[in-house]
Trainee: 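Structure below; questions to follow.
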Number of protein chains: 2
Amino acid sequence: MGTTKKEKFNARQNRLAAIFKAMAHPARIAIVQQLVKSEHCICGELVGELGLAQATISQHLKELKHIGLIKGCVEGTRVSYCINEKVWQQVKKECDQFFVTYYAKEACH
Amino acid sequence: MGTTKKEKFNARQNRLAAIFKAMAHPARIAIVQQLVKSEHCICGELVGELGLAQATISQHLKELKHIGLIKGCVEGTRVSYCINEKVWQQVKKECDQFFVTYYAKEACH
DNA sequence: CCATTTGATCGCAATATTACGATACATATC
DNA sequence: GATATGTATCGTAATATTGCGATCAAATGG
(Lines give C-alpha, C1' and ligand atoms only; values in the text may rest on other atoms or scores of the structure.)
Protein backbone atom coordinates (compact mmCIF):
# COMPACT_ATOMS: atom_id res chain seq x y z
CA MET A 1 0.00 0.00 0.00
CA GLY A 2 1.05 3.61 -0.45
CA THR A 3 2.89 3.01 -3.69
CA THR A 4 1.58 3.91 -7.12
CA LYS A 5 0.58 0.72 -8.95
CA LYS A 6 2.47 1.44 -12.13
CA GLU A 7 2.16 -2.12 -13.35
CA LYS A 8 -1.54 -1.52 -13.98
CA PHE A 9 -0.81 1.09 -16.61
CA ASN A 10 1.02 1.15 -19.90
CA ALA A 11 4.38 2.74 -20.63
CA ARG A 12 2.89 5.81 -22.26
CA GLN A 13 0.62 6.51 -19.31
CA ASN A 14 3.46 6.06 -16.85
CA ARG A 15 5.80 8.21 -18.90
CA LEU A 16 3.28 11.02 -19.22
CA ALA A 17 2.55 10.86 -15.50
CA ALA A 18 6.29 11.02 -14.78
CA ILE A 19 6.66 14.10 -16.97
CA PHE A 20 3.76 15.84 -15.27
CA LYS A 21 5.09 14.82 -11.89
CA ALA A 22 8.46 16.40 -12.61
CA MET A 23 6.67 19.68 -13.31
CA ALA A 24 4.20 19.36 -10.48
CA HIS A 25 5.97 21.82 -8.22
CA PRO A 26 6.06 25.61 -8.52
CA ALA A 27 9.79 25.70 -7.75
CA ARG A 28 10.48 23.37 -10.65
CA ILE A 29 8.26 25.44 -12.92
CA ALA A 30 10.19 28.51 -11.83
CA ILE A 31 13.54 26.83 -12.44
CA VAL A 32 12.52 25.78 -15.93
CA GLN A 33 11.20 29.27 -16.70
CA GLN A 34 14.47 30.74 -15.52
CA LEU A 35 16.47 28.39 -17.74
CA VAL A 36 14.23 29.18 -20.68
CA LYS A 37 14.82 32.88 -20.12
CA SER A 38 18.54 32.89 -19.43
CA GLU A 39 19.93 29.97 -21.43
CA HIS A 40 22.49 29.04 -18.80
CA CYS A 41 22.04 29.20 -15.09
CA ILE A 42 24.21 28.37 -12.12
CA CYS A 43 22.65 26.59 -9.18
CA GLY A 44 23.63 29.45 -6.89
CA GLU A 45 21.76 31.94 -9.05
CA LEU A 46 18.60 29.89 -8.74
CA VAL A 47 19.04 29.77 -4.98
CA GLY A 48 19.15 33.57 -4.93
CA GLU A 49 16.31 33.90 -7.42
CA LEU A 50 13.86 31.49 -5.80
CA GLY A 51 14.70 31.98 -2.15
CA LEU A 52 14.88 28.34 -1.21
CA ALA A 53 17.83 26.65 0.47
CA GLN A 54 20.66 25.40 -1.70
CA ALA A 55 19.97 21.79 -0.75
CA THR A 56 16.36 22.20 -1.80
CA ILE A 57 17.19 23.72 -5.18
CA SER A 58 19.75 21.02 -5.81
CA GLN A 59 17.12 18.39 -5.15
CA HIS A 60 14.63 19.99 -7.54
CA LEU A 61 17.34 20.21 -10.20
CA LYS A 62 17.98 16.52 -9.71
CA GLU A 63 14.35 15.68 -10.40
CA LEU A 64 14.28 17.73 -13.57
CA LYS A 65 17.54 16.17 -14.68
CA HIS A 66 16.08 12.76 -13.96
CA ILE A 67 13.45 13.03 -16.69
CA GLY A 68 16.05 14.66 -18.89
CA LEU A 69 14.34 18.01 -19.30
CA ILE A 70 17.44 19.88 -18.19
CA LYS A 71 21.13 19.13 -18.19
CA GLY A 72 24.07 20.50 -16.27
CA CYS A 73 27.70 20.79 -17.19
CA VAL A 74 30.51 21.28 -14.75
CA GLU A 75 32.42 24.50 -15.31
CA GLY A 76 35.15 24.76 -12.75
CA THR A 77 33.58 24.74 -9.33
CA ARG A 78 30.23 25.63 -10.82
CA VAL A 79 27.57 23.72 -12.69
CA SER A 80 25.81 25.41 -15.56
CA TYR A 81 22.28 24.21 -16.10
CA CYS A 82 20.26 24.56 -19.27
CA ILE A 83 17.26 23.15 -21.08
CA ASN A 84 17.86 19.89 -22.92
CA GLU A 85 16.36 20.91 -26.22
CA LYS A 86 15.86 17.44 -27.59
CA VAL A 87 13.93 16.24 -24.55
CA TRP A 88 12.05 19.53 -24.34
CA GLN A 89 10.70 19.00 -27.84
CA GLN A 90 9.79 15.42 -27.03
CA VAL A 91 7.98 16.41 -23.86
CA LYS A 92 6.21 19.23 -25.64
CA LYS A 93 5.09 16.80 -28.29
CA GLU A 94 3.83 14.23 -25.79
CA CYS A 95 1.85 16.92 -24.01
CA ASP A 96 0.44 18.26 -27.25
CA GLN A 97 -0.58 14.79 -28.33
CA PHE A 98 -2.29 14.20 -25.03
CA PHE A 99 -4.31 17.39 -25.11
CA VAL A 100 -5.17 17.21 -28.76
CA THR A 101 -7.02 13.91 -28.32
CA TYR A 102 -10.11 15.65 -27.08
CA TYR A 103 -12.44 17.59 -29.26
CA ALA A 104 -15.77 18.70 -27.98
CA LYS A 105 -18.33 15.98 -27.51
CA GLU A 106 -21.69 15.73 -25.93
CA ALA A 107 -20.90 16.44 -22.31
CA CYS A 108 -23.04 15.49 -19.38
CA HIS A 109 -24.95 18.72 -18.92
CA MET B 1 8.74 21.85 6.94
CA GLY B 2 7.43 19.30 4.46
CA THR B 3 4.98 21.70 2.85
CA THR B 4 5.44 23.30 -0.53
CA LYS B 5 6.27 26.98 -0.07
CA LYS B 6 3.68 28.31 -2.48
CA GLU B 7 4.01 31.85 -1.19
CA LYS B 8 7.41 32.09 -2.85
CA PHE B 9 5.91 31.70 -6.30
CA ASN B 10 3.42 33.60 -8.37
CA ALA B 11 -0.15 32.58 -9.17
CA ARG B 12 0.70 31.38 -12.65
CA GLN B 13 3.49 29.13 -11.43
CA ASN B 14 1.31 27.69 -8.69
CA ARG B 15 -1.59 27.16 -11.06
CA LEU B 16 0.55 25.39 -13.63
CA ALA B 17 2.09 23.22 -10.92
CA ALA B 18 -1.40 22.33 -9.67
CA ILE B 19 -2.49 21.33 -13.16
CA PHE B 20 0.55 19.14 -13.66
CA LYS B 21 0.09 17.67 -10.21
CA ALA B 22 -3.45 16.64 -11.01
CA MET B 23 -2.16 14.71 -14.00
CA ALA B 24 0.91 13.36 -12.26
CA HIS B 25 -0.50 9.89 -11.75
CA PRO B 26 -0.96 7.17 -14.36
CA ALA B 27 -4.41 6.29 -13.02
CA ARG B 28 -5.56 9.87 -13.54
CA ILE B 29 -4.06 9.91 -17.01
CA ALA B 30 -5.94 6.69 -17.74
CA ILE B 31 -9.18 8.10 -16.37
CA VAL B 32 -8.89 11.20 -18.53
CA GLN B 33 -8.04 9.12 -21.60
CA GLN B 34 -11.09 6.96 -20.94
CA LEU B 35 -13.32 10.02 -20.65
CA VAL B 36 -11.87 11.46 -23.83
CA LYS B 37 -12.59 8.22 -25.62
CA SER B 38 -16.03 7.46 -24.30
CA GLU B 39 -17.62 10.85 -23.62
CA HIS B 40 -19.45 9.68 -20.52
CA CYS B 41 -18.22 7.24 -17.97
CA ILE B 42 -19.59 5.81 -14.78
CA CYS B 43 -17.30 5.45 -11.78
CA GLY B 44 -17.98 1.72 -11.70
CA GLU B 45 -16.84 1.33 -15.29
CA LEU B 46 -13.54 2.98 -14.47
CA VAL B 47 -13.11 0.64 -11.52
CA GLY B 48 -13.50 -2.31 -13.87
CA GLU B 49 -11.33 -0.74 -16.55
CA LEU B 50 -8.40 0.28 -14.35
CA GLY B 51 -8.44 -2.48 -11.79
CA LEU B 52 -8.13 -0.29 -8.75
CA ALA B 53 -10.49 -0.32 -5.79
CA GLN B 54 -13.63 1.78 -5.97
CA ALA B 55 -12.49 4.01 -3.13
CA THR B 56 -9.22 4.67 -4.95
CA ILE B 57 -10.89 5.59 -8.22
CA SER B 58 -13.32 7.83 -6.43
CA GLN B 59 -10.41 9.64 -4.82
CA HIS B 60 -8.64 10.15 -8.16
CA LEU B 61 -11.87 11.45 -9.67
CA LYS B 62 -12.11 13.92 -6.83
CA GLU B 63 -8.66 15.31 -7.60
CA LEU B 64 -9.46 15.73 -11.27
CA LYS B 65 -12.75 17.38 -10.39
CA HIS B 66 -10.89 19.66 -8.00
CA ILE B 67 -8.96 21.40 -10.78
CA GLY B 68 -12.11 21.33 -12.89
CA LEU B 69 -10.80 19.17 -15.68
CA ILE B 70 -13.72 16.76 -15.35
CA LYS B 71 -17.23 17.04 -14.08
CA GLY B 72 -19.78 14.52 -12.88
CA CYS B 73 -23.54 14.58 -12.96
CA VAL B 74 -25.78 12.40 -10.88
CA GLU B 75 -27.98 10.11 -12.96
CA GLY B 76 -30.10 8.03 -10.68
CA THR B 77 -27.86 6.05 -8.40
CA ARG B 78 -24.95 6.60 -10.75
CA VAL B 79 -22.63 9.47 -11.48
CA SER B 80 -21.69 10.14 -15.06
CA TYR B 81 -18.29 11.71 -15.51
CA CYS B 82 -17.05 13.61 -18.53
CA ILE B 83 -14.42 16.11 -19.62
CA ASN B 84 -15.16 19.73 -18.79
CA GLU B 85 -14.52 21.16 -22.21
CA LYS B 86 -14.06 24.74 -21.12
CA VAL B 87 -11.42 23.89 -18.53
CA TRP B 88 -9.81 21.38 -20.88
CA GLN B 89 -9.22 24.14 -23.42
CA GLN B 90 -7.88 26.45 -20.74
CA VAL B 91 -5.49 23.83 -19.43
CA LYS B 92 -4.38 22.92 -22.94
CA LYS B 93 -3.69 26.58 -23.59
CA GLU B 94 -1.71 27.06 -20.40
CA CYS B 95 0.41 24.02 -21.22
CA ASP B 96 0.95 25.17 -24.78
CA GLN B 97 1.99 28.61 -23.59
CA PHE B 98 4.43 27.10 -21.17
CA PHE B 99 6.11 24.87 -23.72
CA VAL B 100 6.15 27.42 -26.47
CA THR B 101 8.32 29.81 -24.45
CA TYR B 102 11.43 27.91 -25.33
CA TYR B 103 13.07 27.99 -28.69
CA ALA B 104 16.49 26.58 -29.21
CA LYS B 105 19.31 28.55 -27.71
CA GLU B 106 22.95 28.02 -27.14
CA ALA B 107 22.94 25.12 -24.72
CA CYS B 108 25.73 24.18 -22.40
CA HIS B 109 27.52 21.61 -24.51
C1' DC C 1 49.13 21.86 0.55
C1' DC C 2 45.48 24.82 2.54
C1' DA C 3 41.55 27.76 2.22
C1' DT C 4 37.68 29.07 -0.62
C1' DT C 5 33.92 28.43 -3.62
C1' DT C 6 30.26 25.78 -5.32
C1' DG C 7 27.23 22.08 -5.61
C1' DA C 8 25.78 17.24 -4.31
C1' DT C 9 24.38 14.23 -0.85
C1' DC C 10 22.92 12.60 3.87
C1' DG C 11 19.80 12.52 7.52
C1' DC C 12 15.92 14.05 9.49
C1' DA C 13 11.23 16.14 10.56
C1' DA C 14 6.92 17.60 8.72
C1' DT C 15 3.59 16.82 5.54
C1' DA C 16 1.31 14.74 1.43
C1' DT C 17 0.00 10.92 -1.47
C1' DT C 18 -1.64 6.36 -2.52
C1' DA C 19 -4.42 2.46 -1.78
C1' DC C 20 -8.12 0.08 0.26
C1' DG C 21 -11.58 -1.96 3.60
C1' DA C 22 -15.39 -0.40 6.02
C1' DT C 23 -19.08 2.34 6.20
C1' DA C 24 -22.19 6.12 5.29
C1' DC C 25 -25.18 8.16 1.93
C1' DA C 26 -28.28 8.88 -1.87
C1' DT C 27 -31.43 7.23 -5.24
C1' DA C 28 -34.11 3.53 -7.22
C1' DT C 29 -37.11 -0.39 -7.00
C1' DC C 30 -40.06 -3.45 -4.89
C1' DG D 1 -40.40 1.40 4.49
C1' DA D 2 -37.06 -2.29 3.24
C1' DT D 3 -33.69 -3.59 -0.05
C1' DA D 4 -30.50 -3.07 -3.75
C1' DT D 5 -27.26 -0.33 -6.38
C1' DG D 6 -23.66 2.89 -6.96
C1' DT D 7 -20.69 6.37 -5.08
C1' DA D 8 -18.49 9.24 -1.55
C1' DT D 9 -16.13 9.49 2.62
C1' DC D 10 -13.57 7.88 6.80
C1' DG D 11 -9.77 5.83 8.90
C1' DT D 12 -5.49 3.90 8.49
C1' DA D 13 -1.05 1.83 6.83
C1' DA D 14 2.65 2.29 3.64
C1' DT D 15 5.25 5.20 1.06
C1' DA D 16 6.74 9.60 -1.17
C1' DT D 17 7.67 14.48 -1.16
C1' DT D 18 9.37 18.81 0.63
C1' DG D 19 12.66 21.55 2.95
C1' DC D 20 16.79 22.34 5.26
C1' DG D 21 21.07 22.06 8.21
C1' DA D 22 25.20 19.63 8.10
C1' DT D 23 28.57 17.54 5.71
C1' DC D 24 31.11 15.75 1.76
C1' DA D 25 33.49 16.31 -2.74
C1' DA D 26 35.60 18.64 -6.58
C1' DA D 27 37.89 22.45 -8.60
C1' DT D 28 40.31 26.87 -8.08
C1' DG D 29 43.53 30.21 -6.21
C1' DG D 30 46.91 31.39 -3.26
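All heavy atoms count here, side chains included; hydrogens, waters and symmetry mates do not. Lettering follows sequence order; numbering is per chain, from 1.
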Trainee: Which part of the nucleic acid does B:I57 contact within heavy-atom distance under 4.0 Å: base, sugar-phosphate only, or nothing?
Mentor: nothing
Trainee: Answer yes if A:I42 and A:V79 sit in the same cluster of Ile, Leu, Val, Met, Phe, Trp and Tyr residues linked by side chain heavy atoms under 4.5 Å apart, and no otherwise.
Mentor: no
Trainee: Reckon B:T56 touches a base, only the sugar-phosphate, or nothing at all at heavy-atom distances under 4.0 Å?
Mentor: base
Trainee: So, is B:R78 close to the C:dA28 phosphate, meaning a side-chain N or O under 4.0 Å from OP1 or OP2?
Mentor: no
Trainee: Is the ring pair B:H25/A:F9 parallel, tilted or perpendicular, if the boundaries are 30 and 60 degrees?
Mentor: perpendicular
Trainee: If you measure from CD1 on A:I31 to CD on B:Q13, what distance do you get to the nearest 0.5 Å?
Mentor: 10.5 Å
Trainee: Judged by each residue's nearest nucleotide on DNA chain C, which is more toward the 5′ side, A:G2 or B:A55?
Mentor: A:G2
Trainee: Just wondering, do B:T101 and A:Q33 contact through their side chains at under 4.5 Å, heavy atoms?
Mentor: no
Trainee: Touch check for A:A53, heavy atoms < 4.0 angstrom, all strands: base, sugar-phosphate only, or nothing?
Mentor: sugar-phosphate
Trainee: In whole angstrom, what separates B:E75's CD from C:dA26's P?
Mentor: 19 Å
Trainee: Show every donor-acceptor pair shorter than 3.5 Å between a side-chain atom in residues 81-99 of chain A and any protein atom, with sequence neighbours excluded, or say none if there are none.
Mentor:
residue : atom : partner : partner atom : Å
A:N84   : OD1  : A:K86   : N            : 3.3
A:N84   : ND2  : A:G68   : O            : 3.4
A:W88   : NE1  : B:F99   : O            : 3.1

Trainee: Look at all strands and tell whether B:S58 reaches a base, only sugar-phosphate, or nothing, counting heavy atoms closer than 4.0 Å.
Mentor: base
Trainee: Are any of B:H60's side-chain N or O atoms less than 4.0 Å away from OP1 or OP2 of C:dT17?
Mentor: no
Trainee: NE2 of A:H40 versus P of C:dT6: gap in Å, rounded?
Mentor: 18 Å
Trainee: From CD1 of A:I42 over to P of C:dA8, roughly how many Å is that when rounded to an integer?
Mentor: 10 Å
Trainee: Rounded to the nearest 0.5 Å, what separates atom CD1 in B:I70 from atom CZ in B:R28?
Mentor: 10.5 Å
Trainee: Please report, rounded to the nearest Å, how far the C1' atom of C:dT18 is from the NE2 atom of B:H66.
Mentor: 17 Å
Trainee: Less than 4.5 Å apart, side chain to side chain, heavy atoms only: is that true for B:R15 and B:R12?
Mentor: no
Trainee: Write down the distance between CG (B:L50) and P (C:dT18), rounded to a whole number of angstrom.
Mentor: 14 Å
Trainee: The side chain of A:L61 lies closest to which of these nucleotides: C:dG11, C:dA8, C:dT18?
Mentor: C:dA8
Trainee: Using OP1 and OP2 only, check whether a side-chain N or O of B:T3 sits under 4.0 Å from C:dA14.
Mentor: no
Trainee: How close or far is atom P of C:dT6 from atom CD of A:E45, stated in whole angstroms?
Mentor: 10 Å
Trainee: Given that B:K65 and A:H25 both sit by DNA chain D, which one's nearest nucleotide is further toward the 5' end?
Mentor: B:K65
Trainee: Going 5' to 3' along DNA chain D, which are the first and last nucleotides with any atom under 4.0 Å from a heavy atom of chain A?
Mentor: D:dA13 to D:dT28
Trainee: Within the modelled atom types, does a donor on one side and an acceptor on the other bring the side chain of B:Q59 and the base of C:dC20 under 3.5 Å apart?
Mentor: yes
Trainee: To the nearest Å, give me how far apart CG (A:L46) and P (C:dA8) are.
Mentor: 10 Å
Trainee: If only side-chain N and O atoms of A:Y81 are considered, is one of them under 4.0 Å from the OP1 or OP2 phosphate oxygen of C:dA8?
Mentor: yes
Trainee: Does B:T56 reach the side chain of B:V47, with side-chain heavy atoms less than 4.5 Å apart?
Mentor: no
Trainee: Would you tell me if any nitrogen or oxygen in the side chain of A:K21 comes within less than 4.0 Å of OP1 or OP2 on C:dT17?
Mentor: no
Trainee: Under 4.0 Å, counting only non-hydrogen atoms across every strand here, what does A:E63 touch: a base, just sugar-phosphate, or nothing?
Mentor: sugar-phosphate
